[in-house]
Structure formats: C-alpha cells, structure tokens
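This one's a predicted model, so the numbers in the text were calculated from it and none came from an experiment.
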Amino acid sequence: MTLDLLMKVCESFPHSKLDIKWGSDRVYIVAEKMFATVGESDEDGSATFSCKAEPSHFEVLVGREDIDPAPYLARAHWIRVNSTQSMDVNEVHDLLRESYDLVVAKLPKRTRVELGL
C-alpha cells in the first residue's frame, strides 16, 4: 500500500483532518484528537502507520511480524504497523476505522453532537 492510498483511507472518515506535528510528522485528527500517524517505511518504501487498538485486539496485533507496540503510546494501546506491504486495503481500513471510532467515542458528548457523530 502506498502512502497516498493510506492517506486517502484516513481522509475518508468524517471530520478527519491532516495535521503536521513535531516538525514533520503526518498526523490525522478528529476534533483535535489524534487517531493515526502515517509515513513511509525506510526499508521497502511501503506505507507505515500507528493507530489506537482495542486492548484485547492490541495483544493479538503486536504478536504479528510487522506490528509492534507504538513508541511512547503503547501504554494507551497504540500499535505501529512497520510495513503495509503484506496487508490489503480492507485490513488497513478496519484498523484505522477502529482507531477513529475509539477516539470519537472518548470525545465529549457535546462535541460528538456538534459534529454529527
């Protein structure tokens, strides 16, 4: 999967916005809350990303070869997908949607109502 396709997946979610943080990192947010970071792998040129996972799903995911606990965010059940080369678009979409939904669920009710979420 290319970085462009990965970014299109992130942008497909309602009220998703691209933000640049920490100098040059591409971060996707909803209502100012981060749900994904995206980039390119130095190893194979495929896209990479980090996102939040359900606690029970987190344990299964980090057991996979190309997925690690995300640096600095693993305690909040964030994963880092080091390469999307072996993943299909649907799997990437599902992981990112899970992260988006988890973040939206934690937004204040008023914010969710204002955004129609």
Under 4.5 Å between side-chain heavy atoms, counting indirect links through other Ile/Leu/Val/Met/Phe/Trp/Tyr residues: same cluster for [X] and [Y] or not?
| X | Y | value |
| --- | --- | --- |
| Trp22 | Trp78 | yes |
| Tyr28 | Leu117 | yes |
| Leu73 | Ile29 | yes |
| Val104 | Leu115 | yes |
| Met7 | Val103 | yes |

With rounding to the nearest 0.5 angstrom, report the [atom1] to [atom2] distance, [X] to [Y].
| X | Y | atom1 | atom2 | value |
| --- | --- | --- | --- | --- |
| Leu3 | Thr48 | CG | OG1 | 8.0 Å |
| Asp68 | Ile79 | CG | CD1 | 9.5 Å |
| Ser50 | Met34 | OG | CE | 8.5 Å |
| Phe35 | Phe13 | CZ | CZ | 6.0 Å |
| His77 | Leu61 | NE2 | CG | 11.5 Å |
| Asn82 | Phe49 | CG | CZ | 10.5 Å |

Main-chain N/O of [Y] paired with [X] side-chain donor or acceptor, under 3.5 Å:
| X | Y | answer |
| --- | --- | --- |
| Ser99 | Ala36 | no |
| Ser12 | Val9 | yes |
| Lys52 | Glu98 | no |

| message | Is there a side-chain contact (heavy atoms from CB on, under 4.5 Å) between Val92 and Met1? Walk through the geometry before answering. | response | CA-CA 9 Å; Val92 170; Met1 172 175 280; 3.8 Å; yes
Shortest non-hydrogen contact from [X] toward [Y]:
| X | Y | answer |
| --- | --- | --- |
| Leu6 | Ala47 | CD2-CB, 3.6 Å |
| Pro14 | Val30 | O-CG2, 4.0 Å |
| Ala74 | Phe58 | O-CZ, 4.0 Å |

| task | Kindly determine whether Leu95 and Met87 satisfy side-chain contact (heavy atoms from CB on, under 4.5 Å), including the steps that lead there. | result | CA-CA 11 Å; Leu95 288 171; Met87 300 175 92; 3.4 Å; yes
| Sequence-distant partners of Thr2, side chain to side chain contact (heavy atoms under 4.5 Å, CB included), two or more places apart | Asp4, Leu5
| Do any pairs count as a salt bridge (Lys or Arg N to Asp or Glu O under 4.0 Å) and have a residue in residues 19-33, sequence neighbours left out, and if so which ones? | Asp19-Lys21
| message | Looking at Glu91 and Arg64, is any side-chain nitrogen of the basic one under 4.0 Å from a carboxylate oxygen of the acidic one? | response | yes
Could you check if a side-chain atom of [X] sits within less than 4.5 angstrom of a side-chain atom of [Y], using non-hydrogen atoms only?
| X | Y | answer |
| --- | --- | --- |
| Cys10 | Val38 | yes |
| Leu96 | Cys51 | yes |
| Pro71 | Arg80 | yes |

| task | Determine whether the aromatic ring centres of His93 and Tyr100 lie less than 6.0 Å apart. | result | no
| note | The side chain to side chain contact (heavy atoms under 4.5 Å, CB included) partner of Leu102 among Glu54, Arg97, His57 is Glu54
| note | So side chain to side chain donor-acceptor pair (under 3.5 Å) across residues 105-117, not counting sequence neighbours, yields Arg110-Glu114
